[in-house]
Amino acid sequence: MCRHPRRGEAGGEVTQPSVPSEKGAEVGRRIGVGLMYGLWRPRVLGAWKVPATGPVIFAVNHSHNIDGPMVMGVAPRPTHFLIKKEAFVGPLDPFLTGIGQLKVDRETTDRSAITRALGVLENGGVLGIFPEGTRGEGDFASLRAGLAYFAVRSGAQIVPVAVLGSTDRPGRLFKALPPLRSRVDVVFGDPFEAGDGSGRRTRKALDEATERIQKQLAAHLENARRLTGR
């Protein structure tokens, strides 16, 4: 898709950022399946709740670097995660791009990333977001407004995802990873809509949506801990 040429560009066209390939994300999912089940023992609960078709946003708690790859590997649908640009270094850059992941600059309003992420949802795909913005306690205590924006703008359903056990203890050989063959639980929750049905996209509407989302995600995390005993 192209916009009209800007003035002074001698007829040159300004192209919209390309939407990442779902085929690439499916390749990433298959790689994730092999790695996650080969290195650890994922226990997946509630995957049947993920809508089989249509735009979906996975809202994932984030306490360890393996949380994203773990969800990619166990999710029933290929997933395009918004990932900080700092991860796209060296050979990881073409690899992450090739498997349909989205580079985002967290220090500014990254319009290219926003456009591509909305494109994923417009095409009926699955967008993965860490709504806390960065790795932390993974308790959904503080959410950025980005999740609400994507959900309200696209009308996509949000599926809360809790990853538990990835930070229980460090591995013996690789301290930065959970112990090999340890159990990691991934719990998918009931899908819900962030908007209030009015279609409003004002700052107030997004703030209200963020509050609703946070309550839903916190409730899901509490339920996931109760189900898994973590």
Side-chain angles (χ1 to χ4, degrees), residues 20 24-45 47 57-107 110 113 116-117 120 126-144 146-147 150 159-189 217 220-221 224-225 228 230:
E26 174 60 23
V27 170
R29 190 181 75 85
R30 294 181 183 183
I31 293 173
V33 168
L35 285 176
M36 297 303 109
Y37 282 95
L39 297 175
W40 295 284
R41 294 187 297 117
R43 179 172 63 168
V44 184
L45 303 174
I57 299 174
F58 286 157
V60 186
N61 68 325
H62 194 22
S63 56
H64 198 286
N65 283 331
I66 73 161
D67 295 340
M70 183 64 70
V71 173
M72 284 181 60
V74 305
R77 294 176 60 182
T79 308
H80 307 268
F81 266 97
L82 279 168
I83 302 174
K84 62 181 181 180
K85 69 175 186 178
E86 291 82 0
F88 289 73
V89 294
L92 278 178
D93 189 347
F95 172 72
L96 291 173
T97 301
I99 61 171
Q101 305 311 294
L102 296 160
K103 181 191 303 186
V104 61
D105 185 348
R106 298 179 301 174
E107 302 303 321
D110 191 336
R116 299 180 76 208
V120 166
V126 178
L127 180 67
I129 294 180
F130 299 114
E132 295 159 292
T134 187
R135 192 170 69 251
E137 295 299 321
D139 56 4
F140 294 126
S142 178
L143 305 189
R144 293 191 175 186
L147 174 55
F150 286 119
V159 172
V161 186
V163 181
L164 303 172
S166 57
T167 58
D168 282 357
R169 64 188 192 279
R172 292 182 179 180
L173 295 178
F174 303 99
K175 299 295 184 183
L177 296 174
L180 298 180
R181 305 307 301 158
S182 62
R183 195 186 81 202
V184 178
D185 293 323
V186 182
V187 186
F188 293 88
L217 298 187
H220 171 67
L221 184 59
R225 285 172 172 162
T228 60
R230 290 191 182 273

Taking all non-hydrogen atoms of both residues, which atom of D67 and which atom of S166 are closest, and how far apart?
OD1-OG, 3.0 Å
Working to the nearest 0.5 Å, report the span between NE2 of H80 and CD1 of I99.
10.5 Å
For A75 and F58, the nearest pair of non-hydrogen atoms, with its separation, is CB-CE1, 3.7 Å
Quick check: closest heavy atoms across L217 and P131, and the distance to 0.1 Å?
CD1-CG, 4.0 Å
Less than 4.0 angstrom from a charged side-chain N to a carboxylate O is my criterion; do D110 and K103 meet it?
no
Shortest non-hydrogen contact between F150 and I129, atoms and distance
CD1-CD1, 3.6 Å
Are any of the side-chain heavy atoms of L102 and L127 separated by less than 4.5 Å?
yes
With the side chain counted from C-beta on, respond yes when L35 and P69 share a heavy-atom pair under 4.5 Å apart, and no when they do not.
no
Gap separating the CD1 atom of I83 from the CZ atom of R106, nearest 0.5 angstrom
11.5 Å
Testing T79, L147, V120 for side-chain contact (heavy atoms from CB on, under 4.5 Å) with I57, which one passes?
L147
Does a side-chain heavy-atom distance below 4.5 Å link Q101 with P20?
no
With distance as the sole test, does E132 use its side chain to make a donor-acceptor pair with the main-chain N or O of V60 at under 3.5 Å?
no
What's the separation between atom CD in E26 and atom CE in M72, rounded to the nearest 0.5 Å?
10.0 Å
d(M70 CE, D185 CG) to nearest 0.5 Å is 9.5 Å
Is the count of non-hydrogen atoms from other residues, nucleotides or ligands lying under 6.0 Å from R43 atom CZ greater than 12?
yes
Find the distance between CD (E86) and CD (E107) and round it off to the nearest 0.5 Å.
7.0 Å
Locate the shortest heavy-atom distance separating F188 from V44; write the atom from each residue and the value.
CE1-CG1, 3.7 Å
Side chains of L96 and F81: closer than 4.5 Å at any heavy-atom pair?
no
R181 side-chain N/O to G38 backbone N/O, donor-acceptor pair under 3.5 Å:
yes
Can you tell me how far the CG atom of N61 sits from the CG atom of L164, to the nearest 0.5 Å?
6.0 Å
Minimum heavy-atom separation for V126 and P78, please, with both atom names.
CB-O, 3.5 Å
H64 side-chain N/O to V163 backbone N/O, donor-acceptor pair under 3.5 Å:
no
